[in-house]
There are 2 protein chains.
Amino acid sequence: MAVTLADVATRAGVSAATVSRVLSGNYPVAGATRTRVMRAVEELQYVVNGPASALAAATSDLVGVLVNDIADPFFGIIASAVQSEMGAVGQGGGGQKLAVVCNTGGSTESELSYLTHLQRQRAAAVVLTGSGVEDEKHGAALATRLRRLAAGGTRIVLCGRPPLAPEQQDTHQGPEREQPRPPQENGRDGEGRADSGDGIVTLAFDNRGGSRRLTEHLLSLGHRSIGYVTGPSDRTTTRDRLEGHRLAIRARAPELLADAEQFTVHGGAYDRSSGYDGALELLRRVPGLTAVLAANDTVALGVCAALRDQGLRIPEDVSVAGFDDLPFSADASPTLTTVRIPLHDAGARAGRLALGRETPPPGGVATVRTELMARGSTAPPPGPRG
Amino acid sequence: MAVTLADVATRAGVSAATVSRVLSGNYPVAGATRTRVMRAVEELQYVVNGPASALAAATSDLVGVLVNDIADPFFGIIASAVQSEMGAVGQGGGGQKLAVVCNTGGSTESELSYLTHLQRQRAAAVVLTGSGVEDEKHGAALATRLRRLAAGGTRIVLCGRPPLAPEQQDTHQGPEREQPRPPQENGRDGEGRADSGDGIVTLAFDNRGGSRRLTEHLLSLGHRSIGYVTGPSDRTTTRDRLEGHRLAIRARAPELLADAEQFTVHGGAYDRSSGYDGALELLRRVPGLTAVLAANDTVALGVCAALRDQGLRIPEDVSVAGFDDLPFSADASPTLTTVRIPLHDAGARAGRLALGRETPPPGGVATVRTELMARGSTAPPPGPRG
DNA sequence: CTGTTAGCGCTTTCAC
DNA sequence: GTGAAAGCGCTAACAG
């Protein structure tokens with residue numbers, strides 16, 4: 001770990017400044033000099049010292065991507081899309097960014113901790129993906145930290161979670177504690193500024209709308225006993241999807257509202273086993289169950305497994321639907337009815353936003369549309385008494 | 001991006017050196033002073049400048065994890081395990097490492113490029129996961145780069161790929177061009193040194209052995225028309241798995257060897273669609289096909305889908321098996337016969353090795369055992385004429 | 001077009 | 001136990 005800019009300079013018979021200019025390429029240098037320098041670099045196998053250069057230039061090429069679970073394709077797809085926008089992987093010189101993904105495991109401390117690291121590294125941008133945790137204290141801490149990062153010049157993009165709660169008024173000015181969430185459909189709350197005013201841009205997923213359409217689909221097939229296996233209860237995504245579900249019931253079959261709580265099982269995680277356990281629990285609670293909605297596709301797979309293990313056929317006996325439309329859903333048997341989120345597109349857009357290569361939506365908030373994918377796992381409920 | 005160590009020092013009424021000592025915690029500081037400093041840090045919301053600190057200390061807390069496809073759970077599981085070993089996520093001070101995953105997309109340029117970035121950042125360690133690319137030129141370039149990194153103090157761990165080819169003798173000393181690969185089962189080639197001599201440690205997966213056992217399983221069920229859908233042909237994993245398959249045939253049913261090439265379809269990627277297309281192609285080529293082996297579980301899912309679309313039942317008409325035992329395999333219907341690789345354990349071990357928290361295996365190379373998981377997707381072939 | 005001169009913000013001897 | 005000072009390797013004005 002020895003060879004420095006100075007060594008290269010000596011070898012090439014030029015000054016360190018010249019070498020620096022050749023390497024960064026953003027400054028006129030004579031052709032001959034350039035070749036000489038390049039040769040010296042080659043011969044010495046010189047590699048720029050990142051920290052030194054970052055310190056001097058006060059910039060960094062790091063872009064952090066925070067995900068809740070890197071082993072879940074939902075995040076993998078988004079992360080991969082973000083990374084795909086970071087630019088052609090040149091051999092070194094250019095302003096290419098390095099997107100690194102950080103796995104928080106859904107832990108709030110871990111999330112904060114990664115943000116600290118990223119802040120230390122003076123990251124160029126940070127993309128936070130997926131569900132946020134609904135915790136008053138964490139939410140405030142997170143918002144503060146993100147605003148501070150943004151103020152320091154780091155671009156912040158929220159992808160797949162709702163926008164930050166409006167800034168806390170430190171000058172306590174009243175007991176106004178209503179409406180903790182900013183309006184969703186109205187894209188003008190930033191009063192026309194290019195972002196929400198603090199440089200943080202949000203790409204929210206229309207979880208509520210998608211979920212609502214999904215439940216409507218089931219309702220119109222004739223289902224009246226619809227179980228729901230939620231995700232972890234403190235997640236924004238969980239809440240939004242459940243809300244969409246309830247909205248559909250309220251609008252189309254209000255008589256079912258009374259049983260809603262009874263028909264809802266709160267899963268502990270977005271994984272297969274909470275689907276499995278949840279389905280079993282629903283079967284126990286709801287005698288005439290004809291359909292099960294799952295928090296996402298992975299959970300839905302667990303639901304299917306449990307149902308099958310109980311000798312139930314899908315969709316003849318029970319319909320099942322997921323959410324997200326991950327690649328495996330189209331291949332499952334039967335093919336899984338779900339709600340498609342254009343994860344790749346959203347991730348790519350988040351990447352562009354992070355690099356400042358795309359102008360932020362008005363108000364700093366855009367909602368990504370979701371689409372119902374009606375497939376083989378949903379059908380009309382079985383006739384009375386099978 | 002303003003507040004610096006000096007600001008904190010002023011505020012706390014001490015010198016910058018003292019603040020630094022308090023923050024790094026590895027030096028005796030009076031209790032009172034420490035509290036005073038901490039308070040100043042708190043009040044000023046001070047965050048260490050990573051580049052500056054890395055420059056001065058000539059160390060970094062970055063650990064890079066290179067993966068071929070971040071959207072593939074195979075890599076997600078390994079990466080997540082590596083990350084889980086990086087230590088309790090403290091609030092900042094300690095020597096905690098930041099594991100960042102870099103998605104190469106299987107591209108060799110991208111791989112090299114990420115290594116350059118990591119080298120620039122003076123990464124503490126680099127973990128390369130999964131299949132390497134079998135390309136003479138790239139192999140050499142990669143080996144050189146990794147050795148250089150290792151020489152510079154960066155720990156290198158190969159997880160899920162074969163060890164590096166032995167060092168190129170620059171002093172051309174003979175036409176010795178045999179055995180481009182080091183012995184696998186013999187763990188003593190490093191002559192008892194704690195690693196292969198260059199500080200690079202390898203955790204190879206026993207793909208060949210697992211594949212061999214899988215084919216033996218099919219053979220002993222009575223299958224004689226076994227199709228094989230491979231992964232991308234330039235990958236070490238692809239080659240090893242195919243070799244294991246051929247080995248089993250050679251040992252147990254040499255009469256099938258003649259048709260081996262005919263029964264092998266080379267898939268373009270480790271994805272669902274090459275499984276789908278591969279299965280169709282096999283059906284075309286092999287009239288009495290009774291079993292299909294896939295490069296991995298994801299490919300196997302594609303194979304299943306194709307088979308089903310052709311009206312074939314699994315396993316009654318055709319048996320199918322995958323490789324890796326990803327979580328979804330146990331949930332597929334029918335449950336998928338496959339070969340289990342302890343991905344999480346391997347990743348965790350790679351993480352420990354990367355941090356120097358575990359002593360490297362003798363010779364620097366360890367082979368991770370794989371295990372046959374015989375499940376519902378394989379059964380004896382149908383009787384003659386169905 | 002190229003060299004000189006200052007730092008960037010932190011860590012770390014070396015004194016006190 | 002704490003301070004002063006000397007860089008770490010690079011970039012970015014300024015001069016020439």
Side-chain angles (χ1 to χ4, degrees), chain A residues 1-38 40-41 44-61 92-95 116-117 119-123 152-153, chain B residues 1-38 40-41 44-61 92-95 117 119-122 152-153:
Chain A
M1 213 107 273
V3 35
T4 73
L5 233 209
D7 299 334
V8 177
T10 311
R11 172 122 192 170
V14 297
S15 75
T18 302
V19 178
S20 171
R21 297 198 260 252
V22 170
L23 261 24
S24 53
N26 49 14
Y27 208 85
V29 174
T33 319
R34 145 168 284 109
T35 356
R36 207 137 38 84
V37 170
M38 288 310 234
V41 167
L44 264 28
Q45 291 291 349
Y46 171 68
V47 174
V48 182
N49 180 317
S53 128
L55 172 57
T59 63
S60 143
D61 56 1
T116 303
H117 272 277
Q119 189 172 2
R120 266 203 202 1
Q121 304 306 322
R122 305 300 189 253
Chain B
M1 211 105 282
V3 36
T4 73
L5 234 209
D7 299 333
V8 177
T10 311
R11 174 123 191 171
V14 297
S15 75
T18 302
V19 177
S20 171
R21 298 199 258 252
V22 170
L23 260 24
S24 53
N26 48 14
Y27 206 85
V29 173
T33 320
R34 144 167 287 109
T35 357
R36 207 136 38 83
V37 170
M38 289 310 235
V41 166
L44 261 30
Q45 291 292 347
Y46 171 67
V47 174
V48 181
N49 180 316
S53 129
L55 172 58
T59 63
S60 144
D61 56 359
H117 271 279
Q119 190 173 2
R120 267 205 201 1
Q121 305 305 321
R122 304 299 187 254

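All values below come from the heavy atoms of this structure, side chains included, with hydrogens, waters and symmetry mates left out. So that the names make sense, note that chain A is the first sequence line, chain B the second, and so on, each numbered from 1.
- Here dC1(C) presents its C1' atom at 12 Å from CZ of Arg36(A), a figure rounded to the nearest Å.
- When distances are taken from the side chain of Thr4(A) to each of dG9(D), dC10(C), dG3(C), the shortest belongs to dG9(D).
- Straight-line distance from the CG atom of Leu55(B) to the C1' atom of dG9(C): 9 Å, rounded to whole Å.
- For Ser53(A), the side-chain atoms get nearest to dT11(D) when compared with the rest of dT11(D), dG9(D), dG9(C).
- Rounded to a whole Å, the CG atom of Leu5(A) is 13 Å from the P atom of dG3(C).
- Between the C1' atom of dA12(D) and the OH atom of Tyr27(A) lies a distance of 9 Å, rounded to the nearest Å.
- dG1(D) atom P lies 11 Å from atom CZ of Arg34(B), rounded to whole Å.
- Side-chain N or O atoms of Ser24(B) include one that pairs as donor or acceptor with a backbone N or O of Ser20(B) at under 3.5 Å.
- Considering only heavy atoms from C-beta on, Asp61(A) comes within 4.5 Å of His117(B) through its side chain.
- Residue Val37(B) comes nearest to Ala12(B) through the heavy atom pair CA-CB, 4.0 Å, listed as atom of the first residue, atom of the second, then distance.
- For Ala6(B) and Thr33(A), each mapped to the nucleotide of DNA chain C holding its nearest heavy atom, the one lying further toward the 5' end belongs to Thr33(A).
- Atom C1' of nucleotide dT12(C) and atom CG of Asn26(B) are separated by 11 Å, given to the nearest angstrom.
- Comparing atom distances between the Thr18(B) side chain and each of dG3(C), dT2(D), dT11(C) picks out dT2(D) as nearest.
- Both Ala17(A) and Ser20(B) lie close to DNA chain C; mapped to their nearest nucleotides by heavy-atom distance, the more 5′-ward contact belongs to Ala17(A).
- Whole-Å rounding puts the Gln121(B) CD to dC8(D) P distance at 20 Å.
- For dG3(D), the base has a donor-acceptor partner in the side chain of Arg21(B) [N/O atoms by modelled type, under 3.5 angstrom].
- The minimum heavy-atom distance between Ser60(B) and Arg122(B), with the atom names listed, is CB-O, 3.3 Å.
- Closest approach of Val14(B) to Thr33(B), counting heavy atoms only: CG1-CG2, 3.8 Å.
- Between Asn49(B) atom CG and dG9(C) atom C1' there is a gap of 6 Å when expressed in whole angstrom units.
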